[in-house]
Structures are given as structure tokens and as C-alpha cells.
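Data block below; observations after.
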Amino acid sequence: MDSNSSLFRLSHLKSLNLAYNDFSTSEISPNFGNLPNLTHLNLSSSEFSGQVPTNFLRLANLISLDLSLSSQEIKIDPRTFRLLLQNLTQLREIYLSGADISSVVPANISASIEVLSLDGTLLHGKLPNDIFDLPNLKKLELFGNLNLTGQLPMIMKLNSSSNLRYLDLSDTALYGELPESIGNLKLLNYLDFSYCKFWGSIPESIGNLTQINQLILSNNNLTGPLPSTLPRLGQIIRLDLSDNALQGQPPDFFGKFRMLTSLSLASNFLTGSFPSSITNLTQLEDLDLSNNSLTGPIPSRVLGFPKLSLLFLGENSFNGTVPSWIFSLPSLRYLNLGTNELTGEIREFQSPSLLYIDLTENKMYGPIPESISKLKNLTTLYVSSNNFSGNVDVSIFSNLNKLKILDLSFNSLSLTNEEVNSTMPGSLTTLYLASCNITSLEFLRGAEYLSKLDLSNNMIHGELPKWMMIDWKVMYLNYLNLSNNFLTRVNQLPFQGLIYLDLSSNLLQGPLLSPPDTIMVYFASNNNLSGEIPWSICNATSLDVLDLSNNSLSGVIPECLANASSKLTVLDIRMNSLQGPIPGSFGVGSSLRSLNLRDNQLEGAVPKSLSNCRELEVLDLGNNFLNGTFPSWLGSLPNLQVLSLRSNHFHGSLSTSTTALLFPALRIIDLSHNEFNGTLPARLFKNLEGMKRVDRSSSLLYVGGDFYQDSVVMIIKGQEIRLVRILSVFTTIDLSSNKFEWEIPVEIGELFALRGLNLSHNILGGQIPAVLGNLSVLESLDLSSNQLGGRIPQRLTSLTYLAVLNLSENHLVGNIPQSNQFGTFQNDSYAGNPGLCGFPLSKLCIDSSSPTPPTFEEDDEFLSGFTWQAVLIGYSSGLVIGMGVAWLMFFTGKPKWLTKFVHKYGFKRKRRQKEIRWTL
């Protein structure tokens with residue numbers, strides 16, 4: 001638009017509307033300000049760009065200004081914005097949505113304003129306190145200003161004379177409780193506070209909004225029950241309280257909303273049964289009660305829902321038979337009953353308008369009705385994870401030319417193709433047929449535009465048909481799952497757009513096939529693949545998960561896999577025959593989260609470049625031929641939760657840094673079956689912060705990502721077990737079958753979340769620390785085959801979760817504690833300790849009047865220097881000498897000369913009634 005246009009000489013012009021044109025090559029001309037008599041200026045959706053000229057401030061007679069929906073190509077500087085709202089005293093309506101204002105909302109806005117539409121204008125800061133005091137304000141739109149903040153109790157100074165009819169503050173950063181004063185907006189007919197940060201209960205005063213027809217409070221953190229005053233909102237047509245934390249049973253008053261067309265209470269914590277009064281809402285078009293905890297049956301009587309288009313009841317606990325009336329609703333288009341406990345058969349689909357059906361994860365049975373073929377508008381069908389059975393002929397889907405998504409997985413169905421020429425419709429983009437007893441793939445010929453295909457857990461033998469490689473539009477397929485079949489060979493993968501490929505658990509032989517360069521997730525585990533890992537696999541520069549485990553692959557690990565770790569998060573090549581060293585080129589910025597090289601023939605030391613993998617959570621190098629000393633520098637990894645070095649040739653002591661915080665997140669450590677020696681460093685256990693916090697959460701969380709679940713092999717309760725999934729609350733220490741000596745550190749008693757402790761088959765001496773009784777969730781304790789002496793601490797009986805105890809082959813003495821769990825353990829738990837007595841052993845303990853060798857637990861500080869050896873010396877050689885030796889040992893430890901003397905001149909004492917041997 002030329003600035004010299006004759007348009008700008010129309011000095012008497014009062015109304016100018018240029019909306020919905022295309023001035024994308026023109027900036028807003030300052031000459032609009034030369035039209036002094038303008039009262040209405042509309043440039044909305046006209047693609048003007050540039051800065052709003054300050055000349056607009058000359059338009060003193062302007063009543064309405066509309067610059068909206070310009071995709072932020074129009075910019076208004078903060079000063080011009082403020083003066084527009086303050087100085088144009090005749091202005092009643094201002095529409096600026098979509099403009100780039102990037103300003104705070106000014107105070108002292110002109111009292112003449114009736115409509116203020118500022119949605120999506122990059123406003124920020126606090127909403128001014130006086131904005132709700134504008135006497136003539138009828139419509140306020142501020143949605144989509146993500147950085148606009150403030151608390152409504154601070155800014156809503158409302159009274160019953162408010163003229164506000166339309167209020168939209170959605171998608172902002174407003175927060176706090178909803179004020180009772182909201183009930184003063186008695187003329188309000190539209191209220192949207194969705195996607196904000198409000199909390200607390202919905203005020204009872206909401207019932208004063210008797211003129212409201214749309215009330216949207218979704219996606220906040222509102223709590224408590226539904227207000228009892230809601231039935232006053234008789235004019236309401238849309239009520240959306242979804243995605244909050246509302247609680248209790250939905251009151252049975254919805255039948256009073258005679259005009260209601262849309263009701264959503266989804267994603268709350270509502271309990272109880274289906275609100276029966278909803279069945280009287282004859283005008284209802286959308287009903288969403290999904291993702292709650294509603295129970296009981298869905299009312300089975302035929303309801304008068306002639307207009308119902310959307311019915312979402314999924315992710316609840318509804319049970320009983322699926323009412324047949326649901327499939328007969330004349331206007332129904334979207335149906336979601338998934339993830340419930342519904343049962344029964346579907347006799348017939350009679351709703352001709354159905355577009356979307358989700359019945360997943362229920363208990364429905366019987367055949368898939370052939371009447372599905374009549375749903376000509378159907379685009380989506382999910383019926384997986386039910387008990388549907390019988391043969392499903394492909395022909396019932398052949399003519400559904402709008403069908404895009406079909407999921408029949410995990411039922412008892414058998415997909416057949418009795419009509420040889422019948423194929424799946426060409427409109428399909430997503431097809432999930434896991435566990436459908438498929439033997440042939442001919443029915444797929446017509447589905448050439450598929451982007452997602454799941455044929456896992458079927459009976460497909462041999463090779464993939466050649467027509468899949470030739471006829472299909474290979475650039476569309478990005479997800480292919482052929483796992484758990486009987487495929488023996490895949491000659492080529494021409495699907496150049498593949499992102500996800502799963503060939504695991506087949507009978508594949510020969511060399512590993514390199515995937516397309518686009519691949520991100522590649523599974524080829526549990527096959528018979530042989531040969532080396534090709535270097536060409538590193539051409540997949542977006543590779544995120546690579547699982548080649550449990551094959552017969554040989555050779556070395558390609559160095560490029562370490563170089564690729566900037567993108568790679570999971571590398572699992574365990575249970576192969578790989579040799580040579582672990583690649584040493586893991587770079588700074590590595591994304592590696594899980595590295596599993598267990599059960600190979602790898603040699604050499606652990607490469608120090610693994611310290612660059614700051615995201616590493618799981619490292620399993622067990623069952624190899626690795627050597628070197630303990631890689632204590634792994635302790636600097638902040639997220640490492642699982643470390644297994646078991647069954648290698650590591651040696652030396654567990655030397656640790658005296659300054660660094662080591663292994664702060666570690667929950668599983670397995671160093672068993674190596675050649676480590678020396679003492680157990682107290683500092684190591686002192687740093688295991690991840691084992692000190694007991695997780696009381698009732699939800700089960702696992703270590704792993706969306707596509708890959710980590711696993712580890714451990715000795716648990718005396719049995720070698722593969723944890724197919726690793727619970728994040730599982731914590732264990734296994735240092736067994738090494739050469740550790742001296743005493744068990746008392747710092748282990750601070751690991752309150754520990755569930756398994758195995759220190760067996762070492763040379764540990766001293767006494768069992770009584771502080772082990774602090775490990776309140778301990779389930780397995782194995783201290784067998786060591787040199788432990790003294791009594792079994794009585795405090796161990798407080799371990800009420802203890803299921804496995806092995807203290808065999810030590811030098812323990814005295815009574816076996818009898819409280820709590822200790823009454824359940826058998827002889828094997830104590831075998832090889834001649835000095836022990838009492839149940840379950842056949843050896844009886846001496847009576848209380850007989851002298852017994854006293855013991856002192858570690859927490860008896862004053863007497864901790866006295867040992868039963870010292871007392872016996874006094875008993876044999878005289879009290880004074882014995883006590884003198886005891887005090888000497890208390891202050892100086894065990895002198896070498898005394899140890900030699902006692903060992904050389906040990907003594908035996910026999911009693912006539914019972915034979916008890918006390919040997920120093």
C-alpha cells in the first residue's frame with residue numbers, strides 16, 4: 001500500500017475495513033493517522049507488518065481498533081501500547097491478539113474500554129490490580145501469554161455491579177486460589193482459566209454465575225469435591241473441569257443441566273459409580289469421564305443421547321457388560337472405553353457415524369462383528385489386549401477406505417484371508433497385529449503406505465516376501481516390529497525411512513544386517529547372528545538404542561560405537577563372543593545411559609574415557625576377562641545406579657578418593673568373583689547416598705527408557721537370577737568371593753535402603769556389627785565363609801523383612817537369637833560354627849548358671865576393648881594378671897607377643913556334665 005495512496009486523503013472517512021486481504025509486502029503506513037474522523041479501523045488478518053506508527057495516537061475519535069491475528073508480524077512498542085490504552089478516551093474495543101507487544105499490562109487503562117483482546121501478545125509481568133475495576137469492561141482476553149503472572153485474590157476487587165461477560169485468562173502463569181469474589185461476576189457467560197497454575201478448591205460462589213454457558217477450569221491443580229452450588233448453573237452448555245486433582249464421588253446433580261452439550265471431568269481422582277443423572281442429558285454431545293477411578297457398571301438401559309458425538313470413559317475401573325446401547329447411538333463419532341474391566345460380547349456395530357473406537361485393555365470376548373465393515377467413515381480401531389477370539393477375515397476391513405489405524409493385537413484372534421484377493425485397505429498408515437496367529441503376509445499387499453507395522457509374536461517363517469521390498473512405498477515405513485517370529489533371513493532392508501526396527505527373538509542366521517542410516521532404535525537380540533559387527537552400522541548417525549545381545553557375534557567392538565556415543569543412549573551387546581578391549585574413545589558430551597557388555601571375552605582394563613559418559617546409569621561388564629584395579633573414577637558419574645564387574649580378573653584394593661563424593665546415585669554394586677583384597681573402605685559406603693533413602697512410593701518405577709528396559713544378573717537370596725527389569729527401589733551390595741579382610745565397616749549400617757548384602761567367601765574377621773540391625777528393609781544377608789567371631793547381635797532380630805540369612809562357616813559362638821524372623825531359618829544358615837547353640841541347631845546351650853564367654857557389641861563403648869579372650873586369661877592365670885592384660889589390650893590392641901603366647905599355650909577346659917571347648 002503506497003503511502004501516497006488517495007485513500008489517506010479521505011479526511012471525512014469514519015470507518016475503514018481492510019480485513020482478510022493480503023498486504024504481506026506492506027508495512028502499516030503512518031498516514032492512517034491522517035484520518036482524524038476515523039471511529040472504526042479494522043486491519044485484522046490483512047498481513048500487514050512492521051511497527052504500529054505513533055500517528056495512531058492522533059485518532060482521538062477511534063471507537064474500535066482491530067489489528068489482530070497478524071502472526072506477530074505487527075509490533076507495538078511498549079510506550080505506544082500504553083498510550084493507546086490510556087489516551088484514546090473514546091476507545092471501546094481494541095483487538096491486538098497475535099501482535100508482538102512484549103510489554104507489561106499498563107495500569108490506569110481508559111475507563112471507556114469495553115473489549116480488551118490481547119491474547120498471544122507476549123505480555124509479561126504482573127497483571128495490574130485495577131484491571132477488573134474498569135467500569136465498562138465486558139470482554140477480557142489474555143490467553144496464551146505464558147509469562148503473565150499474578151494472583152487473582154490480589155487483582156480481583158470485584159463487586160456485583162461488574163459488567164464483565166467474557167473472561168479468558170487461559171494459558172498464562174496466573175496462580176493461587178480462586179477467590180470467592182469470582183461469584184460477583186453475575187453477568188459472566190464465558191470463563192476460561194485452563195492451563196494456569198491455580199490450586200485449592202473451586203469456590204462455592206461459582207454457583208452465583210447463573211448466566212454462564214461455558215465454564216473451563218481444566219489443567220490446573222484444583223482439589224476437593226465438586227461444589228454443591230453447581231446445579232445453579234442451569235444455562236451452562238459446556239463444563240470442563242478435566243486435568244485437575246478433584247476428589248470424591250461425582251454428585252448426582254448433572255440432570256439439572258438440561259442445556260449441557262459438553263461435559264469433561266477427565267484426568268482427576270474421582271471415585272464411585274457412573275453418575276446416573278447424566279443419562280437424562282438429552283442435549284449432550286461430548287462426555288469425557290476418562291482417567292479417573294470410577295467403578296461399577298455403565299448404566300445398561302437405553303439412553304436418550306440422540307446428539308452424543310464423543311463418549312470417553314477410558315482409564316477407569318468400570319466393570320460388567322458393555323451396554324449394547326452404546327454401539328447404537330445414532331450420532332456417535334468418538335468412543336473410548338479402553339483400560340477398564342468391561343466384559344461381554346459386541347453383537348453389532350450400529351452407529352453409522354463412528355470414526356474412532358478404542359476398546360483396549362478390557363475383558364471383552366467373542367468374535368469381532370462383521371458389521372464393522374459397515375462403518376464406512378471409520379478411521380481408527382483399537383481393540384488390543386482383550387479376550388476376543390475366532391477367525392477374523394481380512395475382507396471385513398477391505399472396503400473401509402478411510403481406515404488409518406487398526407490394532408487387533410494380543411487377543412486370541414486368528415487373522416485369515418479366505419478371499420485370496422482381499423487385502424488391507426490402502427488408506428492404512430498404522431497396523432498393529434501382534435499375536436494374531438499370522439503365517440502369511442499376502443493380505444498386506446494393498447497396504448503400501450504404512451508408516452507403522454507391528455507383526456510381532458506371530459508364526460511367520462522363512463524370509464520376508466520380495467514384494468514388500470519392491471511394491472511398497474518404502475519411504476513411508478518408519479516403524480517395523482517383526483520380533484518373536486520364526487524368520488531365518490532378512491536379505492535386505494530397503495525401507496529407507498526406518499526409525500524403529502525390531503528383529504529380536506527370531507531364527508536369523510548369518511551376518512548382522514546394517515540398518516538404514518535413518519535408524520534410531522535397532523533390536524536384533526536373541527538370534528543366531530554370527531560374524532563381526534559391521535563398521536557400517538555407525539553410518540546411522542541418529543542411532544539411539546542398539547541391542548544385539550544373545551547372538552554369536554565375534555571380533556572386536558567397533559571403535560566407532562564409542563565415537564557415536566554422543567547420540568547413542570543404549571548399547572547392549574552382552575552374551576556374544578566379542579574379544580579384545582573395550583573401545584577407549586568415549587567422548588565428552590556422551591549421551592550413553594546404559595552400557596551392557598556382560599558375558600563376552602573382553603580383555604584389558606576399563607577405559608577411563610567412560611568417565612566422559614556423565615549420563616550413564618547402568619554399566620554391566622560382568623563375566624569377561626577384564627583386569628586391572630578398581631576403576632574408582634567411575635564414582636564421579638552423578639547418575640550411575642548399577643555397576644557390575646562380577647566374574648572378571650580385577651585385583652588390588654578398593655582405593656577411593658579422600659575428597660570426591662563417590663557413587664552418589666549407586667543402588668546396585670556387584671564386584672563378586674574377582675581378586676580384590678585389602679580392607680573394605682569405610683569412605684566408599686559413607687558416600688552411597690542412593691542407598692540411604694528408602695522409597696516409600698507405592699508406584700513401581702524401573703530403570704530404563706521408553707524403548708529399552710535395563711536388566712542385570714545378580715545373586716539374589718542365594719540364587720543367580722536375571723532381573724529382566726530393574727526396580728528403582730532395588731538396592732544390593734555383592735562383594736562376595738574376593739579376598740577382603742579385617743572387619744565389616746559399621747558405615748554399612750547407614751545404608752537404610754539396602755535390600756541385599758553379600759560379603760561371603762572373603763577373609764573378614766572381627767564381629768558382626770550390631771548396626772546392621774538398622775537396615776530395616778534388608779531381605780537377604782550372606783556373611784558365610786569368613787573368619788567372623790563373637791555372638792550374633794541381638795539387634796539383627798529387628799530385620800523383619802529378612803528372608804535369607806547365611807552365617808555359615810565362621811567362628812560365631814553363643815546363643816542363636818530367637819525373635820521375629822530368626823525363628824524361620826534352618827540349620828544351613830548357621831552350619832560350620834561349632835560355638836553356636838540353640839534352635840534350629842541340635843546343640844543345646846548351657847544353662848544360665850554356667851560360665852559362658854561374654855561378648856560385647858560394638859556400641860558398648862566403654863567395654864569395647866575387653867574381649868572374651870582377655871577374660872579367660874584372667875580366669876586361668878589369676879584375676880589381677882587377667883585384668884592387667886585386658887587393660888593392655890584395651891589401650892594397645894592385641895600385642896604380637898601375647899598373640900604368639902596364647903596360640904602356643906592355648907588351653908582346654910572340660911566339664912563333667914557337658915563338654916565345651918574354649919579355644920583362643
Side-chain angles (χ1 to χ4, degrees), residues 64-65 78 81-97 101 103-121 123-217 220 222 227 229 233:
S64 176
L65 173 63
F81 174 58
R82 176 174 56 82
L83 294 177
L84 279 174
L85 296 183
Q86 292 177 343
N87 289 7
L88 298 184
T89 57
Q90 301 299 313
L91 196 61
R92 299 176 190 170
E93 300 177 358
I94 183 164
Y95 303 91
L96 302 178
S97 61
I101 299 177
S103 170
V104 299
V105 179
N108 303 318
I109 297 174
S110 170
S112 65
I113 294 290
E114 297 179 4
V115 176
L116 187 57
S117 181
L118 303 174
D119 48 287
T121 52
L123 296 173
H124 58 266
K126 288 189 176 181
L127 201 59
N129 291 340
D130 61 354
I131 194 165
F132 291 101
D133 292 338
L134 297 175
N136 297 304
L137 189 64
K138 296 179 180 179
K139 182 175 184 178
L140 177 61
E141 283 185 307
L142 297 173
F143 78 85
N145 291 291
L146 302 178
N147 296 313
L148 188 62
T149 186
Q151 286 183 271
L152 288 186
M154 300 294 295
I155 60 180
M156 294 190 77
K157 299 176 182 178
L158 305 174
N159 53 60
S160 56
S161 62
S162 172
N163 286 306
L164 202 60
R165 289 160 170 79
Y166 189 105
L167 178 58
D168 189 348
L169 304 179
S170 63
D171 223 0
T172 63
L174 293 170
Y175 63 94
E177 296 186 359
L178 297 179
E180 283 290 332
S181 59
I182 200 170
N184 293 332
L185 303 175
K186 295 184 177 179
L187 299 179
L188 204 64
N189 55 53
Y190 184 96
L191 174 63
D192 189 350
F193 286 172
S194 60
Y195 293 94
C196 289
K197 299 177 181 179
F198 295 118
W199 62 73
S201 58
I202 301 174
E204 290 287 335
S205 65
I206 205 85
N208 296 336
L209 308 181
T210 55
Q211 301 301 311
I212 200 160
N213 53 51
Q214 297 196 55
L215 176 60
I216 308 166
L217 302 177
N220 283 284
L222 299 172
T229 57
L233 311 184

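Since this is a predicted model, take the numbers as computed values, not measurements. Below, all heavy atoms of this structure are taken into account, side chains as well, without hydrogens, waters or symmetry copies.
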Would the number of heavy atoms belonging to other residues, nucleotides or ligands and lying under 6.0 Å from NZ of Lys126 be above 12?
no

Any idea how Tyr166 and Tyr190 line up, ring-wise: parallel (<30°), tilted (30 to 60°), or perpendicular (>60°)?
parallel

Are any side-chain N or O atoms of Asp130 and backbone N or O atoms of Asn108, one a donor and one an acceptor, separated by less than 3.5 Å?
yes

Contact summary for Leu164 and Lys139, nearest pair of heavy atoms:
CD1-N, 4.0 Å

Distance-only, no hydrogens or angles: does the Asn220 side chain make a donor-acceptor pair with backbone N or O of Phe198 under 3.5 Å?
yes

Would you compute the distance between atom CG of Leu142 and atom CG of Asp171 and round it to the nearest 0.5 angstrom?
12.0 Å

Please name the pair of heavy atoms, one in Ala173 and one in Thr149, separated by the smallest distance, quoted to 0.1 Å.
O-OG1, 3.5 Å

Once you round to the nearest 0.5 Å, how far does CD of Glu141 lie from CG of Leu167?
10.0 Å

Backbone of Leu91 reached by a side-chain donor or acceptor of Ser112 within 3.5 Å
yes

Apply side-chain contact (heavy atoms from CB on, under 4.5 Å) to residues Leu178 and Leu222 and explain how you reach the verdict.
CA-CA 9 Å; Leu178 297 179; Leu222 299 172; 4.2 Å; yes

As a test of understanding, state which of Leu152, Asn145, Asp119 forms a side-chain contact (heavy atoms from CB on, under 4.5 Å) with Leu169.
Leu152

On a heavy-atom basis, the closest approach of Leu148 and His124 is CD1-O, 3.9 Å

Starting at CD of Glu177, measure out to CH2 of Trp199 and round the result to the nearest 0.5 Å.
7.5 Å

Measuring from Ser117:OG to Leu96:CG, what's the distance to the nearest 0.5 Å?
7.5 Å

OG/Ser194 to CG/Asp168 distance, rounded to the nearest 0.5 angstrom?
7.0 Å

Where Ser110 and Thr89 come nearest, the two heavy atoms and their spacing:
OG-CA, 3.7 Å

Backbone of Asn163 reached by a side-chain donor or acceptor of Asn136 within 3.5 Å:
no

Closest heavy-atom pair, Ser170 versus Cys196, reported as atoms and distance to 0.1 Å, is CA-SG, 4.1 Å

Within the structure provided, determine whether Leu116 and Leu85 are in side-chain contact (heavy-atom separation under 4.5 Å).
yes

Do the side chain of Ser205 and the main chain of Glu180 share a donor and acceptor less than 3.5 angstrom apart?
yes

Worked verdict on Lys186 versus Leu209 for side-chain contact (heavy atoms from CB on, under 4.5 Å):
CA-CA 5 Å; Lys186 295 184 177 179; Leu209 308 181; 5.6 Å; no

Are more than 12 heavy atoms, taken from residues, nucleotides or ligands other than Arg82, located less than 6.0 Å from that residue's CZ atom?
yes

Ala107 versus Gln86, closest heavy-atom pair with distance:
O-NE2, 2.8 Å

Taken to the nearest 0.5 Å, the spacing of Ile206 CD1 from Leu191 CG works out to 6.0 Å

So do the side chains of Phe132 and Ser162 get within less than 4.5 Å of each other, counting heavy atoms only?
no

